[in-house]
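These notes concern the structure reproduced below.
All heavy atoms count here, side chains included; hydrogens, waters and symmetry mates do not.
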Amino acid sequence: MTERSPRLAAGLPDAGQGRRSLVITIDGPAGSGKSTTAQEVARRLGLLHLDSGALYRGITLALLRAFDGDLPVDRVDAARIGTLELEVAWDSEGPVIRLAGARVPDEDLRSDAVTAHVSAVAAVPAVRGWLLGAQRAGPRFPGLVADGRDMGTVVFPDADVKVFLEADTDVRALRRLRQRGVADPSPGEVRTEARKLEARDATDAGRELSPLRVPAGALVIDTSDLGFEEQITRILERVEAAG
Ligand code: CDP
């Protein structure tokens, strides 16, 4: 991995001197590579990383447990969320999700049950309201790279740099399967995964509140045929240009 750019690190606005911290948003559909990209941009620039999808997954997991796996989203409101013992704390890299005092492991957040329910939960106004506060209340110094669906449009509309990642559905499906350890997926497996991604995209883009959209002024990158390094370079160039 390339080292963090000294020029960028040195040029970061210093909140201690009363200047704003740098905020970079990376939005896009499921499996477009937002989180890995955001994590790497944050690492190179020495910034915090907010994976907002993990927060939506955390609240979905908490609700699945509270309702014993059978989740009626029409019964989810602010009062119910208040009973969940869900906490968003921050460590030096980003948010840590705790449920009943215990840190929730990543594999629980990314389980099939959570993935199957998360988009329906994310469309509930009380859920979005609760998480809007949790996302904005987090630390911003020395800066934040936030990834999700509405980072540049709703949560951080004044972000310094906005990015939107997209890729062909089959490419996203293949990446997802490989991420899960399926080294050589069959065409049928790719098709099934692609259908799941499309269903989630449709719910995320079709909901009334904070739908998945390209933010105005965003750098749009189609990563279907792009190497990871090239993608990171384009984003870092945009950050330098904005500085
Ligand atoms: O990693 P992947 O693209 O599969 O999804 P994620 O980023 O973990 O997000 C999971 C789900 O949370 C999405 O499908 C959305 O329904 C919801 N989400 C959202 O509504 N708004 C965000 N800012 C982030 C995630």
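The main-chain N or O of Asp225 is never found under 3.5 Å from a side-chain atom of Asp222 such that the two would form a donor-acceptor pair. Side chain of Ser186 to main chain of Glu189: a donor-acceptor pair is present (N/O by atom type, distance under 3.5 Å, no hydrogens or angles). Checking side-chain atoms of Arg213 against main-chain N and O of Ala205 turns up a donor-acceptor pair under 3.5 Å. Asp77 contributes a side-chain N or O that, together with a main-chain N or O of Ala79, makes up a donor-acceptor pair within less than 3.5 Å. A donor-acceptor contact shorter than 3.5 Å links the side chain of Lys162 to the backbone of Pro157. Using modelled atom types, one side-chain atom of Lys34 and one backbone atom of Pro29 make a donor-acceptor pair closer than 3.5 Å. Ser111 places no side-chain N or O within 3.5 Å of a backbone atom of Glu107 that could act as its donor or acceptor partner.
The two residues Arg176 and Leu197 have their closest heavy-atom pair at CG-CD2, 4.4 Å.
Arg180 and Glu193 are joined by a salt bridge, as a carboxylate oxygen and a charged side-chain nitrogen come within less than 4.0 angstrom of each other. Between Glu40 and Arg43, at least one side-chain nitrogen of the basic residue sits less than 4.0 Å from a carboxylate oxygen of the acidic one, meeting the salt-bridge criterion. A salt bridge links Asp201 with Arg172: the distance from a Lys NZ or Arg NE/NH1/NH2 to an Asp or Glu carboxylate oxygen falls below 4.0 Å.
Using modelled atom types, one finds no donor on one side chain facing an acceptor on the other under 3.5 Å when comparing Arg195 with Thr169. The closest side-chain donor-acceptor pair between Glu166 and Thr223, if any, does not fall under 3.5 angstrom.
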Do Ile24 and Leu47 pass the side-chain contact (heavy atoms from CB on, under 4.5 Å) test, and can you show the C-alpha distance, the side-chain angles, and the key distance before you say yes or no? CA-CA 10 Å; Ile24 302 169; Leu47 309 181; 4.1 Å; yes

Using the rule given for side-chain contact (heavy atoms from CB on, under 4.5 Å), can you reason through Thr37 versus Asp147, listing the C-alpha separation, both sets of side-chain angles and the distance that settles it, and then say yes or no? CA-CA 9 Å; Thr37 304; Asp147 78 81; over 6 Å; no

Go through the steps for Arg103 and Ile97 under the test side-chain contact (heavy atoms from CB on, under 4.5 Å), then give the verdict. CA-CA 6 Å; Arg103 184 181 183 139; Ile97 299 155; over 6 Å; no

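Considering only heavy atoms from C-beta on, Val220 comes within 4.5 Å of Val214 through its side chain. Contact check for Asp51 versus Pro95: no side-chain heavy atoms found under the 4.5 Å cut-off. At least one side-chain heavy atom of Val190 sits less than 4.5 Å from a side-chain heavy atom of Leu177. Contact check for Arg110 versus Arg57: side-chain heavy atoms found under the 4.5 Å cut-off.
Under a cutoff of 6.0 Å and an axis angle of 45°, Arg80 and Phe67 form a cation-pi pair.
Linking Ile, Leu, Val, Met, Phe, Trp and Tyr whenever their side-chain heavy atoms come within less than 4.5 Å leaves Leu212 and Val171 in two separate clusters.
Legend: residues meeting side chain to side chain contact (heavy atoms under 4.5 Å, CB included) with Asp108, ordered by chain and number and at least two apart, are Leu61, Arg65, Val104, Pro105.
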Could you list the donor-acceptor pairs under 3.5 angstrom formed by side chains in residues 118-137, with sequence neighbours left out?
from, atom 1, to, atom 2, distance (Å)
Ser119, OG, Asp204, OD1, 2.9
Arg128, NH1, Ala122, O, 2.7
Arg128, NH2, Tyr56, OH, 3.0
Arg128, NH2, Asp150, OD2, 2.9
Gln135, NE2, Leu131, O, 2.9
Arg136, NE, Val155, O, 2.9
Arg136, NH2, Val154, O, 2.8
Arg136, NH2, Val155, O, 3.4

